[in-house]
Amino acid sequence: MNIRIRNEVPADAPAIEALTAAAFLAAEYSSHTEQFIVNALRRAGQLSVSLVAEDDGQTIVGHVTISPVRISDGSPGWYGLGPVSVGPGQQALGIGTRLVNEALAALRGMGASGCVVLGEPAYYGRFGFAATPALVYPGVPPQYFQALPMAGAMPSGTVAYHAAFEATA
Ligand SMILES: CC(C)(COP(=O)(O)OP(=O)(O)OC[C@H]1O[C@@H](n2cnc3c(N)ncnc32)[C@H](O)[C@@H]1OP(=O)(O)O)[C@@H](O)C(=O)NCCC(=O)NCCS
C-alpha cells in the first residue's frame, strides 16, 4: 500500500468524519465523539494542522489534527495533538507514526513552543512526548498527559483544550 500524506481540503470533511468514527469505535478510552470534535474544530477555524493519509485508490485511511491549547500561566504557542485516527483495517502498518511525525514537523515549521497529547505513553513516547509535573490536565492519570517542548522554557500550569472538545454532535 502506497500512502501519501497531505493537508486536508474541504471535500475531505465527510470522509474524515467517517474514518474518525470508525477508528474510535472499538477504542478502549474513547468518548466516541472524536468525529464531532474534529468537525467543531474545523468550524471554529482551530485546525492548526490537519493531515490525511491517502492510499493508492485515494481513500482516506488516516487523519491527524493539532489545535491550540491554553495554559493557565499564559504561555503562548502551545498546541494539542489529536484526535489521531487510522482506519481499523489499516492500523499497525506505520500510518499513525507517519501522520504524527509529519504533523509535528508542520507544527515546528509554524514556530510552535510545544505540543501536548492525551494518550498512551507507550505510543507517544516514541515521538518525544513525556509526562511532566509542570503541566496538568485535570481528571486523568498524570502519566497519560504528555508534553513535547519545541522552543523556549517549559511552561507551568493547567492545560485547556478548545471548547470544540466538548462537542457531542
Ligand atoms: C493509535 C493509532 C492512531 C496508531 O496508528 P497506527 O497506524 O495503528 O500505528 P503505527 O502503525 O504507526 O504504530 C504501531 C505501533 O504503535 C503501537 N500502538 C498502536 N496503538 C497503540 C496504543 N493505543 N497503545 C500503545 N501502543 C500502540 C503498536 O503496538 C505498534 O508498536 P511497534 O511499532 O512497537 O510495533 C491507531 O491505532 C488508531 O487510530 N487507533 C484507534 C483510535 C485511537 O486510539 N487514537 C489515538 C488516541 S487520540
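In each ligand, atom 1 is the first atom listed, and ligand 1 is the first ligand listed. This structure is a prediction, so every number in the text was calculated from the model and none was measured.
- Surrounding CZ of Arg98 are more than 12 heavy atoms belonging to other residues, nucleotides or ligands, all under 6.0 Å away.
- Put simply, Met110 and Met150 are part of the same group of oily side chains (I, L, V, M, F, W, Y) that touch within less than 4.5 Å, one to the next.
- Atom CG of residue Leu19 and atom NE2 of residue His63 lie 8.5 Å apart, to the nearest 0.5 angstrom.
- Looking from atom 8 (O) of ligand 1 to the surrounding protein, the closest heavy atom is Ala92 N, 2.7 Å.
- Within the 4.0 angstrom cut-off, atom 38 (C) of ligand 1 has one or more protein heavy-atom neighbours.
- Nearest heavy-atom pair across Trp78 and Ser113 is NE1-CB, 3.3 Å.
- Residue, atom and distance of the protein heavy atom nearest to atom 40 (N) of ligand 1 are Gln91 NE2, 3.5 Å.
- At a 3.5 angstrom cut-off on N or O pairs, Gly94 counts as close to ligand 1.
- The aromatic rings of Phe127 and Phe129 stand perpendicular to each other, their planes meeting at an angle above 60°, with 30° marking the opposite boundary.
- Under the 4.5 Å side-chain criterion, counting only non-hydrogen atoms from C-beta, Leu148 is not in contact with Gln146.
- Taking 4.0 Å as the cut-off, Ser85 counts as a neighbour of ligand 1 on heavy-atom distance.
- Residues Arg6 and Val52 form a side-chain contact, since some pair of their non-hydrogen atoms from C-beta on lies under 4.5 Å apart.
- Looking at ligand 1, you'll find an N or O of Leu93 within less than 3.5 Å of one of its N or O atoms.
- Counting atoms of ligand 1 from 1 in the listed order, those under 4.0 Å from a heavy atom of Tyr124 are 46 (C), 47 (C), 48 (S).
- Protein heavy atom nearest atom 18 (N) of ligand 1, with residue, atom name and distance: Tyr123 CD1, 3.5 Å.
- Assignment of Arg98 to the shell around ligand 1 is not supported, since no heavy atom sits closer than 4.0 Å.
- Within a 4.0 Å radius of atom 28 (C) of ligand 1, the protein contributes no heavy atom.
- Between Ala27 and ligand 1, no pair of N/O atoms sits closer than 3.5 Å.
- Side-chain contact check for Thr33 versus Phe165: every heavy-atom pair is 4.5 Å or farther apart.
- Scanning all protein heavy atoms for the shortest distance to atom 24 (N) of ligand 1 gives Glu120 CG, 3.1 Å.
- Remark: aromatic rings of Tyr137 and Tyr144 are distant, center separation not under 6.0 Å.
- Of the polar atoms of Thr97, at least one N or O is found under 3.5 Å from an N or O of ligand 1, judged by distance alone.
- Selection from Leu25, Val84, Leu81 by nearest heavy atom to atom 48 (S) of ligand 1 gives Val84.
- Among the atoms of Leu118, none of the N or O lies under 3.5 angstrom from an N or O of ligand 1.
- To the nearest 0.5 Å, the span separating CD1 on Ile16 from CD on Gln35 amounts to 12.5 Å.
- Residues Val61 and Tyr123 are members of one and the same hydrophobic cluster, defined by side-chain heavy-atom contacts under 4.5 angstrom among Ile, Leu, Val, Met, Phe, Trp and Tyr.
- Between Phe24 and ligand 1, no N or O atom pair is found at a separation short of 3.5 Å.
- At least one N/O-N/O distance between Arg126 and ligand 1 falls below 3.5 Å.
- Looking at Gly96 next to ligand 1, an N or O pair under 3.5 Å apart turns up.
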Requested in this report: Tell me, with the steps shown, if Ile3 and Gln90 meet side-chain contact (heavy atoms from CB on, under 4.5 Å).
Outcome: CA-CA 11 Å; Ile3 298 291; Gln90 293 88 27; over 6 Å; no
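- In terms of protein heavy-atom proximity, atom 41 (C) of ligand 1 is closest to Ala23 O, 3.2 Å.
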